[in-house]
Amino acid sequence: MEEDCPKFSELSITVLADLGSRRIYFREIARVSREAPVLILKHRERTVVPGGGANAVMNLASLGVNVLPVGVVGDDEAGSLLLERLHEKKIPTGGIERLKGHTTTTKTRIWRHVAHQAGSR
């Protein structure tokens, strides 16, 4: 049975996809507003990770697949950071076109950090 299943490192896959990024802001609760039951968050850090089809590309590469992404990114910060992440993982970017005036698809997430409090449930 093992002979019938190729090793991931023996696979080459071309991925034609919407190459995007996810911008994640990490916040912590600074206080609760006096005017409404709204949390006021304090910025801790920001990270940008591959999203959309670029996330699938990264997952395939993590499995050892020889992956070639094909798509477009904008000539913007998100596009630059996405290409940088792909280069860090040694993923070829020859099939990715940078388009002037195009905005890289970006999803923004805001995560709030909740400190663990002993004894609370």
Side-chain angles (χ1 to χ4, degrees):
M1 182 79 173
E2 260 183 52
E3 308 84 44
D4 296 336
C5 185
K7 295 179 183 171
F8 286 125
S9 62
E10 296 172 356
L11 295 176
S12 293
I13 298 177
T14 300
V15 177
L16 174 61
D18 180 12
L19 304 173
S21 68
R22 277 186 289 165
R23 190 177 311 141
I24 303 169
Y25 293 96
F26 296 94
R27 310 289 170 114
E28 63 186 40
I29 299 171
R31 63 184 177 87
V32 177
S33 172
R34 283 177 259 144
E35 293 81 22
V38 175
L39 301 175
I40 307 300
L41 303 176
K42 180 176 136 186
H43 176 74
R44 283 185 37 219
E45 65 180 282
R46 177 190 87 145
T47 189
V48 177
V49 297
N55 185 45
V57 167
M58 294 292 282
N59 290 338
L60 287 168
S62 294
L63 292 170
V65 173
N66 299 307
V67 60
L68 175 64
V70 176
V72 298
V73 296
D75 191 19
D76 54 7
E77 179 191 29
S80 296
L81 290 170
L82 176 56
L83 290 173
E84 188 178 306
R85 297 292 178 270
L86 295 173
H87 285 133
E88 287 171 2
K89 294 291 184 182
K90 310 268 190 279
I91 298 171
T93 58
I96 300 174
E97 184 74 28
R98 288 195 81 172
L99 296 179
K100 283 193 181 287
H102 178 74
T103 303
T104 303
T105 302
T106 303
K107 181 186 288 186
T108 301
R109 299 271 188 190
I110 299 174
W111 291 352
R112 71 177 173 92
H113 173 74
V114 178
H116 174 71
Q117 297 175 359
S120 65
R121 292 194 180 242

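Only this structure's heavy atoms are used, side chains among them; waters, hydrogens and symmetry mates stay out.
- In terms of hydrophobic clustering, with Ile, Leu, Val, Met, Phe, Trp and Tyr side chains grouped at heavy-atom distances under 4.5 Å, L16 and V73 are assigned to different clusters.
- If you run side-chain contact (heavy atoms from CB on, under 4.5 Å) between I96 and each of L68, V70, L86, only L86 comes through.
- Dense packing is recorded around CZ of R46, with more than 12 heavy atoms of other residues, nucleotides or ligands lying under 6.0 Å away.
- When the side chains of ILVMFWY residues are joined at heavy-atom separations under 4.5 Å, either directly or via intervening members, V15 and V72 end up in two distinct hydrophobic clusters.
- Listed for the D76 side chain is a donor-acceptor partner under 3.5 Å among the backbone atoms of T104.
- With rounding to the nearest 0.5 angstrom, the CZ atom of R31 is 12.5 Å from the CD1 atom of I29.
- For the side-chain contact (heavy atoms from CB on, under 4.5 Å) with L60, the qualifying choice from L11, I91, V65 is V65, the only one to do so.
- The two residues N55 and P50 have their closest heavy-atom pair at CB-O, 3.7 Å.
- Going from atom CD1 of I24 over to atom CZ of R109 covers 8.0 Å, rounded to the nearest 0.5 Å.
- When every heavy atom of A54 is checked against every heavy atom of G20, the shortest pair comes out as CB-O, 3.6 Å.
- In this structure, the side chains of R98 and L83 come closer than 4.5 Å at one or more pairs of heavy atoms.
- Looking at E77 and V48, their side chains never come closer than 4.5 Å, going by heavy atoms from C-beta outward.
- Side chain of N66 to backbone of E10: no donor-acceptor contact under 3.5 angstrom is found.
- Atom CD1 of I110 is separated from atom CZ of R23 by 10.5 Å, given to the nearest 0.5 angstrom.
- Tracing side-chain contacts under 4.5 Å through hydrophobic residues (I, L, V, M, F, W, Y), one reaches V67 starting from L19; they form part of the same cluster.
- One distance of note links NE2 of H87 with OG1 of T93; it measures 3.0 Å at 0.5 Å rounding.
- G53 and A17 make their closest contact through CA-CB, 3.6 Å (heavy atoms, listed as atom of the first residue, atom of the second, distance).
- Counting all heavy atoms, side chain and backbone alike, M58 lies closest to R85 at CE-O, 4.3 Å.
- Criterion: ILVMFWY side-chain heavy atoms under 4.5 Å apart, direct or through other members. Under it, F8 and I13 are part of a common hydrophobic cluster.
- Rounded to the nearest 0.5 angstrom, T47 OG1 and Y25 OH are separated by 11.0 Å.
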